[in-house]
There are 2 protein chains.
Amino acid sequence: MTQRIHFNARIEGVEYDVLDELVGYAVRRAQLSIYEDFAATMDGEEITPQRFSSLVIVENNPGISQTRLAEVMGIARSGVVAIIDGFEEKGLIERQASGDRRSYSLLLTKAGARQLKRYKQAVKEHDERISAALNQAEKKQLCALLRKLCPP
Amino acid sequence: MTQRIHFNARIEGVEYDVLDELVGYAVRRAQLSIYEDFAATMDGEEITPQRFSSLVIVENNPGISQTRLAEVMGIARSGVVAIIDGFEEKGLIERQASGDRRSYSLLLTKAGARQLKRYKQAVKEHDERISAALNQAEKKQLCALLRKLCPP
DNA sequence: TATTGTTATACTCTATAACTATA
DNA sequence: TATAGTTATAGAGTATAACAATA
């Protein structure tokens, strides 16, 4: 028998105790729900929140190096190699020579820009869906509060 | 050379474009920062947010089955086996016979209850640290807004 | 027939450390 | 000496599918 995996943030009859009082758990809960909708939205497409972010960062910071991208995403440099390898194979990102011959300048290809435009559209729709219970003011407020959780 | 991995939610001089407008990315950002502080807080202890949650759920829902726990945590049943195996080895959780001989009743041991009390204390301090920039009203508001992101 | 716990397996993500070529 | 990208490797987390025992 198959078991469909699904995160239900609050299950009837289950006592969550302290978890209900922790800001951290509230964020985690939301994140799991959001991730699930993202995955369902992008079903079939080989894209994850992580990979989507890296495309956006490369698009808006053309010529960025892999090490810098790793820093922005908060992962090890070796992880970026795999990500860029994947996008390069698909023809979405190219590694261009930079002034420093140790490093590359990452750039979106034309195909990459076209694909990202489609991804952005889908992600925006996903984002509106998951935040549909909030009005514009609440969304802004939520983002502002979340920003305060990130050390400056 | 070692490269210390660290997530910086916003890096000077980097253009984030649409990521700055997505509720989903705001949540993800916060989650990464929070996780980092959690890991630093619990350094040395063999505990993760996931494992901490399962201890809390077992404590407050004594006799819960593994399948039910999997459902609460939104992971596969096989994942729960590994988690409970680990806690059983440490003597924090025990599998007791239940009415249905196919399933176990999960219970915290005395040692488990003592250990969880310590974990709770540490997690609460961690949670207050990561949300130190918010006053009580803001925390409540944030949790309320986040709750609206989780499908009912 | 269906469900519970379990196992085997595979896949993804990730960090670490060592390597190379450049600086 | 230090840095950028790369590789090899290992560990964690996870899902899937099949199995035995039980319902």
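As a basis for the values below, the full set of heavy atoms in this structure was taken, side chains included, without hydrogen atoms, waters or symmetry mates. All chains are named by letter (A, B, ...) in the order of the sequence lines, taking the proteins before the strands, and each is independently numbered beginning at 1.
A:Arg68 comes within 4.0 angstrom of nothing in the nucleic acid, heavy atoms only. Contacts of B:Ser78 with the nucleic acid, taken as non-hydrogen atoms under 4.0 Å apart, include base atoms.
The base of C:dG5 is not paired with the side chain of B:Arg102 by any donor and acceptor separated by under 3.5 Å. Applying the 3.5 Å distance criterion, the base of C:dT3 shares no donor-acceptor pair with the side chain of B:Ser103.
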Considering only distance and modelled atom types, tabulate donor-acceptor pairs under 3.5 Å from the side chains of residues 103-110 of chain B, sequence neighbours left out.
| from | atom 1 | to | atom 2 | distance (Å) |
| --- | --- | --- | --- | --- |
| B:Ser103 | OG | B:Ser98 | OG | 3.0 |
| B:Ser103 | OG | B:Asp100 | O | 3.4 |
| B:Thr109 | OG1 | B:Gly91 | O | 2.5 |
| B:Thr109 | OG1 | B:Leu92 | O | 3.2 |
| B:Thr109 | OG1 | B:Ala111 | N | 3.4 |
| B:Thr109 | OG1 | B:Gly112 | N | 2.9 |

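Judged by closest nucleotide on DNA chain C, B:Ile64 is the one of B:Ile64 and A:Ile83 placed further toward the 5' end.
Note: CG (B:Leu69) to C1' (C:dG5) measures 13 Å, nearest angstrom. Note: OH (A:Tyr35) to P (C:dT12) measures 11 Å, nearest angstrom. Going from atom CG of B:Leu32 over to atom P of C:dC13 covers 14 Å, rounded to whole Å. Regarding A:Asp85, its CG atom lies at a distance of 12 Å from the P atom of D:dG5, rounded to whole Å. Remark: P of C:dC13 and CD1 of A:Ile84 are 14 Å apart, rounded to the nearest angstrom. Protein atom CG of B:Asp100 is 11 Å distant from nucleotide atom C1' of C:dG5, rounded to whole Å. Whole-Å rounding puts the A:Arg77 CZ to C:dT16 C1' distance at 11 Å. We find that OH of B:Tyr104 is positioned 9 Å from P of C:dG5, with the value rounded to whole Å.
Proximity of residues 40-62 of chain B to DNA chain C (heavy atom under 4.0 angstrom from any strand atom) is not detected for any residue.
By the 4.0 Å N-to-carboxylate-O rule, B:Asp20 lies close enough to B:Arg29 to be salt-bridged with it. Checked for salt-bridge contact, B:Glu138 and A:Lys148 meet the test: a charged N lies under 4.0 Å from a carboxylate O. One finds no salt bridge joining A:Glu21 and B:Lys120 here, because no Lys/Arg side-chain nitrogen approaches an Asp/Glu carboxylate oxygen to under 4.0 Å.
Atoms CG and OH, on A:Asp127 and B:Tyr25 in that order, are 13.0 Å from each other to the nearest 0.5 Å.
Side-chain contact check for A:Thr48 versus A:Phe52: every heavy-atom pair is 4.5 Å or farther apart.
Taking the side chain to side chain donor-acceptor pair (under 3.5 Å) definition, one finds that A:Gln96 meets it with A:Glu94, sequence neighbours left out.
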